Asks: 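Sharing a structure, written as structure tokens. Questions coming.
Predicted, not measured: the structure shown is a model, and the values here were computed from it. Every number for a ligand or one of its atoms is a count from 1 in the order of the listing.
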Amino acid sequence: MSERTVFHYQDNVLSCEDVRLDELASTYGTPLFVTSKRSLVESCREFESAFVSLPHFTCYSVKANYNLTVIRNFAEMGYGCDVNSGGELFRALKAGVPAEKIIFAGVGKRADEIAYALDVGVLMLKVESLAEIEAIDRIAGELGVMAPVALRINPNVTAETHPYITTGDSKEKFGIDEAGLEEAFSLLHRLKHVRLVALDMHIGSQIFDPEYYVAATTVLLDIFETAKSMGFAIDFLDIGGGFPVTYDARKPATPIAHFAEKLVPLLAPTGVKVIFEPGRFLVANASVLLTRILYKKRNHTGKRFFIVDAGMTELIRPALYQSHHEVLAVTRHESTVVADVVGPICESSDFFARQRTIDDAGEGELLAVMSSGAYAAVMGSNYNGRLRPAELMVDGKDVLVIRRRETYEQLIANEVL
Ligand code: LLP
């Protein structure tokens with residue numbers, strides 16, 4: 001999904017679908033997340049048309065953007081959800097996702113979270129360690145239920161991406177690697193309250209080369225054969241998420257169809273339903289973070305700064321992963337300057353762009369930090385006493401407040417003096 005089709009200049013003003021972003025900022029204030037509903041729908045269509053020939057079930061990975069309205073949009077399109085905590089499970093259920101369409105993942109689930117998932121009846125819980133299989137069996141036994149589980153394998157494939165978001169390498173904490181498989185299968189045979197329903201993998205995020213998926217899927221299929229020969233009836237093969245999006249026009253993401261071209265011939269012959277867990281692919285380019293320029297300054301070397309009212313508390317990706325986000329002036333200017341775009345937080349890592357050529361917008365004008373739909377608001381914090389911003393959803397000419405701006409009172413609501 002190209003964000004340029006939903007975020008576009010009209011009369012020199014950046015708009016989302018049919019709504020001008022400057023008008024949204026005047027009405028709702030900044031910092032402000034603005035999400036295009038059409039972008040969500042089109043990303044779904046693009047994903048589904050790539051994999052149309054493969055029997056599959058798509059579970060939106062809610063960690064990318066867990067706003068209730070965003071989750072509900074995907075639920076309305078028939079998607080299930082991948083959740084990573086009791087809190088995300090609660091959100092998915094509140095958004096209207098049926099429990100039987102929810103996969104509960106996570107390398108460190110607490111007993112109360114496991115009990116919650118079993119109690120509501122999720123589609124499956126992923127298991128990531130031998131100790132966790134035993135814990136789930138014990139809790140299921142206490143509740144008098146059978147726990148459907150997916151074995152998350154660690155295929156030992158190191159996908160090329162930022163080191164903080166590669167997960168399929170056996171030196172990382174995720175999944176069970178080759179060394180633990182025999183014991184995992186033997187436990188799953190022996191224990192009375194767990195039933196193995198799926199094999200699962202997730203090798204990382206923002207992965208550009210489909211060959212990493214091919215390598216990991218080949219390992220998964222080998223294990224699938226072993227499991228079958230041991231008498232396990234596997235209902236699903238879960239390939240995880242990780243499909244890439246374009247953040248930087250100079251580095252366009254591999255189209256999703258290229259992943260499908262490689263994966264469908266590998267997976268279709270199994271006759272087993274495939275699960276995908278895309279997060280970023282569905283939401284990253286659906287939102288922008290709108291921010292106002294508070295001050296401009298120049299230091300003694302002539303270096304320029306645009307100091308804006310959003311920061312790493314709203315979008316930590318540049319600080320954490322050195323990730324590139326385009327920054328556009330909401331009102332176009334003829335002249336450009338080279339500047340750092342920085343926030344108000346007391347950290348040097350609080351920047352959106354460094355030495356970037358951008359339109360020479362003035363103080364009081366607006367900038368849009370692009371591709372802010374995934375891992376932005378959800379990774380936000382109250383550091384420096386910051387209030388979480390409002391979030392809007394635009395649908396054609398219509399504007400919906402999907403999260404109200406936090407207040408000072410809410411900031412201290414749980415504290416006891
Ligand atoms: N499934 C599992 C088990 C996952 O751990 C993840 C993401 C996904 C699916 C969805 O991956 P996606 O399709 O969004 O790549 N905060 C980082 C990304 C962390 C991804 C964590 N796991 C970032 O901002 O780049």
Asks: Considering only heavy atoms, does D82 approach ligand 1 within less than 4.0 Å through its side chain, its backbone, both, or neither?
Replies: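 For D82, the contact with ligand 1 is made by the side chain alone.
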Asks: Return the option from R280, Q206, M379 holding the heavy atom at the smallest distance from atom 25 (O) of ligand 1.
Replies: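 Ranked by closest heavy atom to atom 25 (O) of ligand 1, first place is R280.
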Asks: Looking only at protein heavy atoms, which one is nearest to atom 20 (C) of ligand 1, and how far off is it?
Replies: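 Scanning the protein heavy atoms, the shortest distance from atom 20 (C) of ligand 1 goes to Y375 OH, 3.6 Å.
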Asks: Would you say the side-chain atoms of R45 and S49 include a donor-acceptor pair closer than 3.5 Å?
Replies: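 Absent: no donor and acceptor within the cut-off.
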Asks: Is a donor from one side chain sitting under 3.5 angstrom from an acceptor on the other, for H8 and E17?
Replies: no
Asks: Number the atoms of ligand 1 from 1 as they appear, then name those within less than 4.0 Å of a heavy atom of P278, with their elements.
Replies: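 With P278 as reference, the close atoms of ligand 1 come out as 13 (O).
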Asks: Which ligand 1 atoms does E277 reach within 4.0 Å, using its non-hydrogen atoms?
Replies: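 What qualifies from ligand 1 is 1 (N), 2 (C), 3 (C), 8 (C), 9 (C), 10 (C), 13 (O).
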Asks: Relative to the heavy atoms of G279, which atoms of ligand 1 are at a distance of less than 4.0 Å?
Replies: 12 (P), 13 (O), 14 (O)
Asks: After noting the C-alpha distance and the side-chain angles of R138 and E142, does the key distance pass the salt bridge (charged side-chain N to carboxylate O under 4.0 Å, His left out) rule?
Replies: CA-CA 6 Å; R138 180 177 48 76; E142 285 163 11; 3.5 Å; yes
Asks: Can you name the nearest heavy-atom pair linking K63 to N84, along with the distance?
Replies: NZ-OD1, 4.0 Å
Asks: Give the residue, atom name and distance (to 0.1 Å) of the protein heavy atom nearest atom 23 (C) of ligand 1.
Replies: Y321 CE1, 3.3 Å
Asks: Can you tell me which residue pairs pass the salt bridge (Lys or Arg N to Asp or Glu O under 4.0 Å) test with a partner in residues 253-281, sequence neighbours excluded?
Replies: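 Output for this query lists K126-E277, E211-K262.
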Asks: May I ask you to identify the nearest protein heavy atom to atom 24 (O) of ligand 1, giving residue, atom name and distance to one decimal place in Å?
Replies: R317 NE, 2.6 Å
Asks: Heavy atom of A105 under 4.0 Å from ligand 1?
Replies: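 No.
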Asks: What do we get for H202 next to ligand 1 when only non-hydrogen atoms under 4.0 Å count, side chain, backbone, both or neither?
Replies: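 Side chain only; the backbone of H202 stays clear of ligand 1.
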Asks: Among E88, E128, E132, which residue satisfies the salt bridge (charged side-chain N to carboxylate O under 4.0 Å, His left out) criterion with K109?
Replies: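 Looking at E88, E128, E132, the match for K109 under the salt bridge (charged side-chain N to carboxylate O under 4.0 Å, His left out) is E132.
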Asks: Between A64 and ligand 1, is there a nitrogen or oxygen pair with a distance under 3.5 Å?
Replies: no
Asks: Can you report which non-hydrogen protein atom sits closest to atom 5 (O) of ligand 1, along with the distance?
Replies: K63 NZ, 2.9 Å
Asks: Looking at H202, is its backbone amide N or carbonyl O close enough to the side chain of R152 to form a donor-acceptor pair, meaning the two atoms are under 3.5 Å apart?
Replies: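 Pair found, side chain donor or acceptor close to backbone of H202.
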Asks: Looking at every non-hydrogen atom in both residues, tell me the closest pair between I256 and F51 and how far apart they are.
Replies: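 The pair with the smallest heavy-atom distance is CG1-CE1, 4.0 Å.
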Asks: Please report which non-hydrogen protein atom sits nearest to atom 19 (C) of ligand 1, along with the residue it belongs to and the distance in Å to one decimal place.
Replies: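 Among all protein heavy atoms, the one nearest atom 19 (C) of ligand 1 is I165 CG2, 3.7 Å.
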Asks: Return the option from S323, S61, S205, P244 holding the heavy atom at the smallest distance from atom 10 (C) of ligand 1.
Replies: S61
Asks: Which of the atoms in ligand 1, numbered in the order shown and given with their element, are less than 4.0 Å from a heavy-atom of G242?
Replies: 11 (O), 12 (P), 13 (O), 15 (O)
Asks: I'd like to know if the side chain of E406 pairs up with that of N382 as donor and acceptor (distance under 3.5 Å, no hydrogens or angles considered).
Replies: yes
Asks: Is any N or O atom of F281, backbone or side chain, closer than 3.5 Å to an N or O atom of ligand 1?
Replies: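 No, there is no polar N/O contact under 3.5 Å.
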Asks: Using residues 309-321 as the side-chain source, report each donor-acceptor pair under 3.5 Å to any protein atom, sequence neighbours left out, with the distance given to one decimal.
Replies:
unit_1, atom_1, unit_2, atom_2, d
D309, OD1, T291, OG1, 2.6
D309, OD1, R292, N, 2.9
D309, OD2, T30, OG1, 2.5
T313, OG1, R386, NE, 3.0
E314, OE1, G311, N, 2.7
E314, OE1, R386, NH2, 2.8
E314, OE2, R386, NH2, 3.3
R317, NH1, S323, OG, 3.2
R317, NH1, H325, NE2, 3.0

Asks: Do any nitrogen or oxygen atoms of K126 come within less than 3.5 Å of a nitrogen or oxygen of ligand 1?
Replies: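 It does not: no N or O of K126 is found under 3.5 Å from an N or O of ligand 1.
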Asks: Looking at D359 and R332, is there a salt bridge between them, counting it only when a charged N and a carboxylate O are closer than 4.0 Å?
Replies: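 So R332 does not pair with D359 through a salt bridge.
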Asks: For ligand 1, note which part of R152 has a heavy atom under 4.0 Å away: side chain, backbone, both or neither.
Replies: side chain
Asks: Where does H162 meet ligand 1, judged by heavy-atom distances below 4.0 Å: at the side chain, the backbone, both, or neither?
Replies: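 The answer is neither; H162 stays 4.0 Å or more away.
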Asks: Answer yes if the side chains of E48 and H56 hold a donor-acceptor pair under 3.5 Å, and no otherwise.
Replies: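 H56 and E48 do have a side-chain donor-acceptor pair below 3.5 Å.
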Asks: Using a 4.0 Å cut-off to any heavy atom of G241, which atoms of ligand 1 qualify?
Replies: 9 (C), 13 (O)
